[in-house]
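The structure under discussion appears below in the form of structure tokens.
Below, read A as the first sequence line, B as the second, and so on, with proteins coming before strands; counting in each chain starts at 1.
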2 protein chains.
Amino acid sequence: MRPKNLEKEQAIRTIALQIIAEEGLENLTMQKLAKAANISPRTIYIKYENKEDLLIKLFIEEVLGAYEKAVLENFDPNADFAEGVKKLWLNGFHYLKNNRHAFALIQYGKSSPLLNKAYQEKNIKEGDFFAPIHQFLEYNIAAGVIKDFPHEVLRALLFSPIIELVNEYFDYMDRPKQIITEEILLACCEVVTKGILK
Amino acid sequence: MRPKNLEKEQAIRTIALQIIAEEGLENLTMQKLAKAANISPRTIYIKYENKEDLLIKLFIEEVLGAYEKAVLENFDPNADFAEGVKKLWLNGFHYLKNNRHAFALIQYGKSSPLLNKAYQEKNIKEGDFFAPIHQFLEYNIAAGVIKDFPHEVLRALLFSPIIELVNEYFDYMDRPKQIITEEILLACCEVVTKGILK
DNA sequence: TTTATAAGTAAATAAACATTTACTTATATT
DNA sequence: AATATAAGTAAATGTTTATTTACTTATAAA
């Protein structure tokens, strides 16, 4: 039996992300993707059931999976609160800054009903992305270190500025603006940390 | 001469927003829109040059224009800093909570290259949305009330949690979850305010 | 080496798409 | 009341779309 060519599978995913980032999800077509990846449209259907299946797997596995891994790299849920938040901030910011195509699809994950639904269902069925962060927050609430808000609220206060700052890092022609220096990033991290300390 | 029917124009916009919120921007078609609005496809082209023109005007005029107006309602750039931030938070949160369809397109504005580019170009050519907020920040930096960060950074720290909290307000089946009470909202607003006070 | 089989291709298909054509209608002006 | 004209409609246009059909190819196992 002829074996699957894994390079082709990776090419499909990489180039799909590129098209989505550059032209938008609404302009990704199977034929455009096949042509750009130098394969036949039929090949995509060997690896994915249909277009929706491709988009969902791209989002959940390729993008969110890698993002979660990068954010949690060397993160210790039992570390000091400020240290933990700092690690998560730096990991998250640098990953998104260096993976602009993944960042674009993450943004679509908040807009597109298809992707948004897939994300919610995955979290319900297979357990939350970022579970160690929940554990981290839980412990610090119980220990009286931080304010006792619902986790969703804590996560909004602690982490939502990161996405905005990454957005700010690039201007609309995708050239780096360099407003967001390491110094500013760390200062922002301190601001959000202080805000929810008791 | 037969006059333009403004109700039809409004129907196009309202129903376009509804389809985008419910099925996604990538599933909005001119024929679907015409059918849902009970008009001929040709009628859309009397009012808009083409699909891109429709989307951009929907986003910039209908959605961002109304959002800006709602956020700035009764906002005084010369008010006390904490008071000003509170007003902006409550205005923003309540508008988005009560205008779910507009909220969906605002999210797409951060994903879609078409909408994102239109937004940036509008801000450059015709002056920023939310200019009074810039004035407000400028004054409070100069007065030494808040930290001297770039405006983009201040806005990320002060306002980006709002969008996340509105998202949290609805679950993925669009039923209100009611986690975000008025009490929590005000507490969050205080947290972000304190964080950037000097 | 042969062979079975899934991987892969090029081209086709039917449906859906944005936009236009050819026509009808409503009304402000005359 | 007649008429000029833009607003509006229904149906058609040519193109693009997701997906499939009919075929070829590479290789693991025999």
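A straight line from CG of A:Asn38 to C1' of C:dA10 spans 14 Å, rounded to a whole angstrom. Distance B:Lys32 NZ to D:dT17 C1': 14 Å, rounded to the nearest Å. The NZ-C1' distance, from A:Lys35 to C:dT9, rounds to 15 Å in whole Å. Remark: P of C:dA26 and CD1 of B:Ile46 are 14 Å apart, rounded to the nearest angstrom. Atom NZ in B:Lys4 sits about 6 Å away from atom P in D:dA7, given to the nearest Å. Here D:dT9 presents its C1' atom at 13 Å from CD1 of B:Ile44, a figure rounded to the nearest Å. Going from atom OH of B:Tyr48 over to atom P of D:dA7 covers 14 Å, rounded to whole Å. Remark: P of D:dT19 and CG of A:Leu28 are 12 Å apart, rounded to the nearest angstrom.
Using a cutoff of 4.0 Å between basic side-chain nitrogens and carboxylate oxygens, B:Lys86 and B:Glu190 are not scored as salt-bridged. One finds a salt bridge joining A:Glu164 and B:Lys110 here, because a Lys/Arg side-chain nitrogen approaches an Asp/Glu carboxylate oxygen to under 4.0 Å. Remark: B:Lys57 does not engage B:Glu9 in a salt bridge, criterion side-chain N to carboxylate O under 4.0 Å.
Here the rule is side chain to side chain contact (heavy atoms under 4.5 Å, CB included) with B:Asn140, and of B:Ile196, B:Leu154, B:Ile146 only B:Ile146 fits it.
Residues B:Pro3 and B:Gln31 both approach DNA chain C. Their nearest nucleotides, taken by heavy-atom distance, put B:Gln31 toward the 5′ side. Both A:Ser40 and A:Asn27 lie near DNA chain D, and the one whose nearest nucleotide falls closer to the 5' end is A:Asn27.
When the side-chain nitrogen and oxygen atoms of A:Thr43 are compared with OP1 and OP2 of C:dT9, one or more of them lie within a distance under 4.0 Å. At least one side-chain nitrogen or oxygen of A:Lys8 sits closer than 4.0 Å to the OP1 or OP2 atom of C:dT9.
Comparing D:dA7, D:dT9, D:dT19 by their nearest atom to the side chain of B:Arg2 picks out D:dA7. Listed nucleotides D:dT19, D:dT17, C:dT19 differ in distance to B:Met30; the shortest reach to its side chain belongs to C:dT19.
Within the 4.5 Å cutoff, side-chain heavy atoms of B:Pro150 are placed close to those of A:Ile184.
Nucleic acid contact for B:Leu33: none, since no nucleic acid atom lies under 4.0 Å from a heavy atom of the residue. At the heavy-atom level, A:Leu54 lies nowhere under 4.0 Å from the strands shown. B:Lys47 comes within 4.0 angstrom of sugar-phosphate atoms only, judged by non-hydrogen atoms across all strands, and of no base.
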